[in-house]
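Following: one structure in structure tokens, then a few remarks.
Below, read A as the first sequence line, B as the second, and so on, with proteins coming before strands; counting in each chain starts at 1.
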Amino acid sequence: MNVSQLPNSLYKEDGLYAEIIIPLYLPKNYTWSVPQHLHEAIAVGKRAEVSLRNKKYTGIVKKIFTEKPAAFEPKPVLNILDNEPLLHKEQLQLWHWISDYYLCTEGEVMQAAVPSNLKLSSETILLWNEEWDEDFGSLNDEEFLVTEALHIKKELRLAEVQQILDATHAYPVIKRLIEKNVCYVWEELKEKYKEKYETFIVLNPVYHDEEKLQYLLNNWSRAPKQMELLLAYLHLMKTEGEVTQQELLKKSNASPAQLKGLIDKNILFAHKRSMDRLPSLPKDVVIDFTLSAAQQQALKEVIHAFTEKQVCLLHGVTSSGKTQLYVRLIEQYIRQGKQVLYMLPEIALTAQIIRRLQKYFGGHITIYHSKFNANERVEIWNKINSGETKVILGARSALFLPFRNLGLIIIDEEQDPSYKQQDPAPRYQARDAAVYYASLFGAKVLLGSATPSIESYHNCELGKYALVKLTERFNNAALPAIELVDTKHVISKPGEKIILTPQLKYAIENAVKKNKQVILFQNRRGYSPYLICNACGWIPHCRNCDVTLTYHKAKNKLVCHYCGTDYPVMYTCAACGSHQFNQRNFGTEKIEETLAAALPDVRVARMDYDSIKGKHDHDSLIKLFEQRRIDVLVGTQMVVKGLDFEHVNLVGILDADGILNFADFRVNERAFQLMEQVSGRAGRRDAEGEVLIQVANTNHPVLQLVKEHNYEELYKMEIANRRQFFYPPFARLIQITFKHKLSNIAEEAANLMAVALRASFDQYLSGPAEPVVNRIRNMFLWEILIKLPREAAVINNCKQQIVQQTIIIQSNPQYRSVMITADVDPV
DNA sequence: AGCACGCCGACT
DNA sequence: GTCGGCGTGCTC
């Protein structure tokens with residue numbers, strides 16, 4: 001241990017104690033004592049092996065101190081697992097900030113932050129007790145099965161026992177076996193990360209001598225296959241330089257036995273070498289473009305803004321070439337030897353952008369997102385920790401990597417909701433956490449967006465962030481012309497929406513004729529968003545989530561888009577017994593079908609959550625579209641994120657009413673952002689971009705703003721709305737805790753929420769708070785109704801009673817809690 | 001997380 | 001009467 005970490009007077013070999021974060025939901029961090037022999041090794045940020053309730057865990061040392069805790073007797077730290085700290089003080093500070101700000105434990109942050117292969121937890125192993133009297137008769141069936149297996153193997157892992165006993169009740173059986181002295185248990189920590197080895201084949205150096213090699217070949221007797229293999233090897237070596245065993249066998253069609261023959265004869269050697277899983281590219285910076293005058297100017301402004309402010313918002317219209325600006329900025333930081341974190345929403349991390357950046361930064365850049373497997377993550381982690389990697393391109397979880405001298409964080413598409421982690425704790429907003437994180441390094445943050453979030457824009461208005469605008473499209477392409485197509489007067493069946501207006505149909509035909517491509521956007525997957533009973537108007541809902549079920553034609557199922565459960569198609573109305581259902585509205589699946597019927601010569605493909613099973617499907621679909629083997633791409637939000645297609649000049653928004661009527665409390669912002677993003681896909685390389693918006697409510701104010709790309713006006717409108725009806729732009733997190741089950745408490749909870757919020761409103765609002773509070777009450781009521789049933793299902797529908805009703809702003813992990821997040825203002 | 005302990009309904 | 005599910009408390 002580094003003595004300087006201790007207060008001066010306490011170098012003495014007194015007791016040493018460590019506060020250690022373990023990846024569990026514990027009310028606070030626990031303390032372990034550090035035995036003498038680990039005094040040297042222990043340091044803040046290293047992993048420690050500790051035992052808690054007789055299970056072993058890997059934790060991170062957070063603090064080292066000498067005062068003995070009075071309240072309990074600490075157990076000893078069992079081991080220190082690292083030679084060098086895995087984390088630095090900045091990461092630990094970040095964890096602490098997140099746990100405090102977003103109301104969770106540091107253990108939960110650790111769970112999200114550290115790759116699973118670095119968090120070992122113990123494995124229970126049963127060991128055969130040689131001294132057992134082998135009285136098999138005393139065992140019941142289950143005990144006998146386990147004992148039998150153990151008798152043969154002498155050692156069983158918990159997972160194996162669970163396999164024998166079908167999982168659920170392995171523990172009681174094991175317990176009885178221990179009591180009966182059949183076995184005893186052992187807890188073992190396993191390092192899960194494994195280095196990757198590759199076997200290389202090398203020629204015995206003796207034969208580097210041309211003559212000797214010739215002699216060998218000329219005097220070859222028997223084993224003609226081996227000779228063939230050797231020749232194949234020599235050829236490969238000449239062309240590739242290095243030859244791996246795998247490659248050699250594949251290319252020569254030889255068998256491992258033949259290779260072994262050559263190795264046994266000492267002609268070839270095989271040796272194993274530890275390999276990098278990540279492809280290594282040359283560490284060059286090759287930037288082969290020049291910025292336009294407008295980009296140049298914006299870059300200058302950003303750099304200047306960073307001399308005064310920590311955060312800068314770059315508001316650039318779609319296709320203004322924000323990425324190129326980032327690239328230039330990143331270049332500057334790399335040249336200063338600083339690290340850069342470039343964050344993108346997960347969905348935008350496509351092969352397209354990755355390829356582009358790798359072209360510029362080669363081996364300096366590393367990608368990090370959830371699709372990487374655990375071993376790869378460890379390698380990325382180490383490369384950042386050692387400072388070898390300068391640039392990380394990653395999704396929100398990349399924030400937790402152990403940067404050492406971070407200089408810049410770029411958050412592209414900063415308004416994207418996927419920066420918020422919703423489901424498992426920590427529920428954090430990565431964009432805001434990044435602002436805090438950067439401040440720990442004195443690093444700068446660049447937020448980029450064509451449609452900034454209201455929060456960030458507001459921070460600019462307040463003077464907290466700097467604002468730089470980029471209003472010109474790259475290559476001087478004009479923004480696409482936006483045209484509304486009124487669907488009110490297009491004849492269709494009553495209650496049904498028109499999918500393809502004649503105007504849009506004509507425009508598609510026209511675009512395809514000109515060899516251009518088309519993107520059609522519909523914010524609904526599936527075939528029909530809901531079925532409705534013809535007789536009584538009953539609509540099938542999900543049992544768990546209480547949301548309407550979407551009909552999927554391909555699967556012939558009703559699917560809940562909230563929890564994913566599917567139900568058989570209903571033929572009988574649960575309310576009135578009628579057998580007639582109408583399909584209301586349309587989703588991507590139906591559009592695809594309609595198009596195929598209306599325009600049989602046009603090649604149509606669909607891109608949504610259903611048509612893309614693996615990451616691979618996504619990439620290959622994009623490739624097909626890029627290669628122009630598809631004319632029309634129908635899709636959900638997926639088609640808008642981070643893709644740059646050169647030949648699209650028509651974009652259709654099929655049901656703008658659906659977007660404008662979002663049952664969402666931020667209607668205008670979301671609707672504007674979505675339409676702006678979608679329409680930005682048109683005409684990125686030429687001046688002929690065209691956007692058709694099919695809409696019945698043509699007077700909606702947001703449509704006008706979309707046509708004008710008038711973000712400023714939208715912002716004003718939105719802020720005014722929030723002040724009047726909703727909530728202050730930046731409410732703090734609110735958490736309600738219930739000490740028992742949740743069910744008929746939604747109303748109650750919403751009331752409580754309203755009470756708590758009323759107080760916070762006084763700061764922001766001058767007028768009467770009542771309308772605001774009512775609106776919020778309803779909003780939270782909705783949230784709770786939607787979200788609680790899932791929670792309640794987990795906790796198994798118990799009694800309808802709140803034992804404790806408190807709204808706490810501080811965390812109290814003792815209790816089960818429901819948390820509702822509002823957007824949070826970064827400190 | 002996981003495991004022990006205590007409380008109430010089903011039942012060999 | 002007990003067996004066992006479920007809910008609650010506790011772990012350095």
Side-chain angles (χ1 to χ4, degrees), chain A residues 15-35 38 42 47-80 99 104-114 116 119-126 140-142 157-159 161-162 165 167-179 185 187-189 192 423-426 737-743 745 788 791-804 806 812-818:
Chain A
L16 206 51
Y17 302 92
E19 180 182 332
I20 294 172
I21 304 167
I22 50 176
L24 293 180
Y25 181 71
L26 296 173
K28 56 172 201 149
N29 293 328
Y30 288 160
T31 301
W32 278 263
S33 66
V34 185
L38 293 176
I42 196 166
R47 288 177 300 162
E49 179 184 339
V50 294
S51 138
L52 179 68
R53 279 264 217 220
N54 289 326
K55 272 217 165 266
K56 289 177 190 167
Y57 293 93
T58 328
I60 300 282
V61 178
K62 186 190 172 184
K63 222 163 79 186
I64 301 169
F65 54 93
T66 50
E67 301 84 57
K68 184 176 191 296
F72 52 86
E73 185 59 41
K75 287 189 189 171
V77 170
L78 300 173
N79 209 350
I80 296 295
S99 72
C104 63
T105 68
E106 285 173 284
E108 287 173 314
V109 183
M110 176 180 173
Q111 196 73 270
V114 179
S116 56
K119 301 175 292 218
L120 341 157
S121 68
S122 69
E123 191 170 34
T124 307
I125 294 178
L126 300 193
N140 70 22
D141 285 357
E142 285 181 325
R157 287 179 299 128
L158 179 61
V161 179
Q162 283 172 334
L165 297 178
T168 46
H169 50 297
Y171 276 106
V173 177
I174 292 173
K175 212 182 131 192
R176 288 200 298 273
L177 290 177
I178 296 166
E179 278 164 13
V185 287
E187 296 288 330
E188 193 177 69
L189 266 191
K192 281 191 267 177
D423 216 17
T737 48
F738 305 100
K739 199 173 170 173
H740 275 272
K741 299 308 100 53
L742 324 156
S743 51
I745 52 172
L788 282 204
E791 203 81 9
V794 176
I795 311 168
N796 258 328
N797 295 317
C798 203
K799 273 120 216 176
Q800 313 183 354
Q801 189 201 7
I802 310 174
V803 170
Q804 189 180 339
T806 350
N812 187 350
Q814 282 292 348
Y815 304 122
R816 290 173 200 282
S817 61
V818 179

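Across the protein-nucleic acid pair, A:Arg53 atom CZ and C:dC12 atom P stand 7 Å apart, rounded to whole Å. Rounded to an integer number of Å, the gap from A:Glu108 CD to B:dA1 P is 7 Å. Rounded to whole angstrom, the span from the NZ atom of A:Lys55 across to the C1' atom of C:dC12 amounts to 18 Å. Distance NZ (A:Lys28) to C1' (C:dC12): 8 Å, rounded to an integer number of Å. What separates CG of A:Asn29 from P of C:dC10 is a distance of 19 Å, to the nearest Å. Remark: C1' of B:dC3 and CG of A:Leu26 are 13 Å apart, rounded to the nearest angstrom. In this structure, NZ of A:Lys56 is placed 16 Å from P of B:dG2, rounded to the nearest angstrom.
At distances below 3.5 Å, not a single donor-acceptor pair connects side-chain atoms of A:Trp32 with backbone N or O atoms of A:Ala48.
Here the nucleotide nearest the side chain of A:Phe72, chosen from B:dA1, B:dG2, C:dC12, is C:dC12. Among the nucleotides B:dA1, C:dC12, C:dC10, the one closest to any side-chain atom of A:Lys75 is C:dC12. Comparing atom distances between the A:Leu52 side chain and each of C:dC12, B:dC3, B:dA1 picks out C:dC12 as nearest. Side-chain proximity of A:Tyr25 to the nucleotides B:dA1, B:dG2, C:dC12 is greatest for B:dA1.
Remark: A:Glu49 CD to A:Thr58 OG1 distance equals 7.5 Å, nearest 0.5 Å. Interatomic distance, A:Glu19 CD to A:Asn29 CG, rounded to the nearest 0.5 Å: 4.5 Å. Note that the CD atom of A:Glu106 and the CD1 atom of A:Ile60 stand 11.0 Å from one another [nearest 0.5 Å].
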